[in-house]
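To start, the structure itself, in structure tokens.
Sequence lines set the chain letters: A, B, ... in the order given, protein chains first and strands last, and positions in each chain run from 1. Every heavy atom of this structure was used, including side-chain atoms; hydrogens, water molecules and symmetry mates were not.
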There are 2 protein chains.
Amino acid sequence: MPKPEVDPTVQLELSVDRSSPVPLYFQLSQQLEAAIEHGTLTPGSLLGNEIELAARLGLSRPTVRQAIQSLVDKGLLVRRRGVGTQVVHSQVKRPLELSSLYDDLEAAGQRPATRVLVNRLVPASAEVAAALGVAEDSDVHRVERLRLAHGEPMAYLCNFLPPGLIDLDTDQLETTGLYRMMRSAGITLHSARQSIGARAATKEEAERLAEEAGAPLLTMQRVTFDDTGRAVEFGTHTYRPTRYSFEFQLLVRT
Amino acid sequence: MPKPEVDPTVQLELSVDRSSPVPLYFQLSQQLEAAIEHGTLTPGSLLGNEIELAARLGLSRPTVRQAIQSLVDKGLLVRRRGVGTQVVHSQVKRPLELSSLYDDLEAAGQRPATRVLVNRLVPASAEVAAALGVAEDSDVHRVERLRLAHGEPMAYLCNFLPPGLIDLDTDQLETTGLYRMMRSAGITLHSARQSIGARAATKEEAERLAEEAGAPLLTMQRVTFDDTGRAVEFGTHTYRPTRYSFEFQLLVRT
DNA sequence: GAGTGGTCTAGACCACTTA
DNA sequence: AAGTGGTCTAGACCACTCT
């Protein structure tokens, strides 16, 4: 009876296309990630050593390392000196993302709807001006939206954006998410500072979300920065906690 | 009048110690990070090119790149092809962390106090068993704690841990955080899956936190995994939203 | 065209783990 | 002692941005 292969990657038909413009390390990391996602590489399985893997693919060791490292950074693999590289045991795989409510809902198959309540220029309040780094009372966009799922209100979103950044077409706001609009306008999102809390609904808030006054609401405030460090969005959101909660995975910084 | 230096790193007396066991790239990244933290490298300033920097320090380019890349991953630097490497403009610098309430409070100078309400072995409920990956009705540790700041209750923490992992000394639980105890027991935390929501307080919850029944509460559930993929902790926490909110910075995955 | 970062190579030596 | 990942070198060519 033949001894089973120790290195599961040998059965994985890995290959790279050197004529492709896609970087070699990226081609490799995508194939490995797909194999993990797909269950071909099972949790706990030990990848073969880097040098042998590099030789088999006709790549240099640093290139293979770069591919593996990117998956380690995503939390999919764990490396141990003297031991090897293993697929992480835990079932949780989704990377941490700057979540977009619209995308979240769409991914969950909830077919979200958006109703734009307000879309106009207003003078910046002190709080908005500080968050966006603009002068107080200068013009900023104010967008108020109600997000619905299955016809039921789920969240009330109030956002402020500096002027001249993107074209805030109301129709487009109703059919896609704000982040997606910013990305297609060539804005590279970089980081966001978030604060998540809770409070009792005021009468107006309750009415908007079809709740009762005093009902608990989940709140989120966020300032988003692009890769030049500009604040590109300040948002104050309220969610119905019976309909929505924040789910995410954190990687421990090392 | 002499033209000012374009590359601010030349005035930075960077140096590496080749006799140190600390990796060279790490020595460099720490010096750069300190300079950014300290304000010596101001937001928006352009670092000199990698090759020149490598030559000045007597390092190879890949080593310098590794140092710079680690700061890019932390969100402190931004690289642009054809342009250069810049210190990020935004004022936010704190990295995303797996937050420990105890550490958060201590960092905020709130001198937290902990009262251990329960610390014993209990049979695992279905929910706990699923979260920790143990058999239903098998023994698990149950720890209930009340976290206070300035003498006021701030959060009620209920945690479950698999048996035999760490010594859950009650005195130690009152003077430090659970995460810190796990780390000193040699457990390497790796990732956590969190869910943050809100709900109205039940009568018992309200009493524990000195709130009224029906008051809004901020809730957090978390499963934490170590680097072998074992679930090492499952927690169900409730926070007084007037006293606590979750603040964190996200980096956009690219 | 000049300068930047992005990618890649083919080696090397070391530290750690396991047996 | 053998095998692993961790670090490091000294080059190379390419793609992109700016002037």
To the nearest Å, give me how far apart [atom1] ([X]) and [atom2] ([N]) are.
| X | N | atom1 | atom2 | value |
| --- | --- | --- | --- | --- |
| Leu24(A) | dC14(D) | CG | C1' | 13 Å |
| Gln66(B) | dT7(C) | CD | P | 15 Å |
| Leu46(B) | dC18(D) | CG | P | 11 Å |
| Gln86(B) | dT17(D) | CD | C1' | 13 Å |
| Leu47(A) | dG5(D) | CG | C1' | 13 Å |
| Glu50(A) | dC8(C) | CD | C1' | 16 Å |
| Leu57(B) | dT7(D) | CG | P | 18 Å |
| Asp73(A) | dG5(D) | CG | P | 16 Å |

Can you confirm whether Gln221(A) sits close enough to Arg193(A) that some side-chain heavy atom of one is under 4.5 Å from a side-chain heavy atom of the other? no
Query raised in the report: Would you say Tyr179(A) and Thr224(A) make side-chain contact, with heavy atoms under 4.5 Å?
Result: yes
Using only side-chain N and O atoms of [X], determine if any of them is under 4.0 Å from OP1 or OP2 of [N].
| X | N | value |
| --- | --- | --- |
| Tyr25(A) | dC8(C) | no |
| Arg79(B) | dT4(C) | no |
| Thr85(B) | dG5(C) | yes |

Donor-acceptor pair, side chain of [X] and main chain of [Y], under 3.5 angstrom:
| X | Y | value |
| --- | --- | --- |
| Glu33(B) | Leu71(B) | no |
| Asn119(B) | Leu168(B) | yes |
| Glu174(A) | Val116(A) | yes |

With respect to the side chain of [X], which nucleotide from [options] is positioned closest?
| X | options | answer |
| --- | --- | --- |
| Arg81(A) | dC8(D), dA10(C), dA15(C) | dA15(C) |
| Pro62(B) | dA10(D), dG6(D), dT4(C) | dA10(D) |
| Thr63(A) | dT9(C), dT4(D), dC8(D) | dT9(C) |
| Val83(A) | dG5(D), dT18(C), dC16(D) | dT18(C) |
| Arg65(A) | dC8(C), dG5(D), dC8(D) | dG5(D) |
| Asn49(A) | dA10(C), dT9(D), dG5(D) | dG5(D) |

Q. Has the side chain of Arg61(A) got a donor or acceptor that lies under 3.5 Å from a partner of the other kind on the base of dG6(D)?
A. yes
Of Gly58(B) and Gln69(A), the one whose nearest nucleotide on DNA chain D sits closer to the 5' end is Gln69(A)
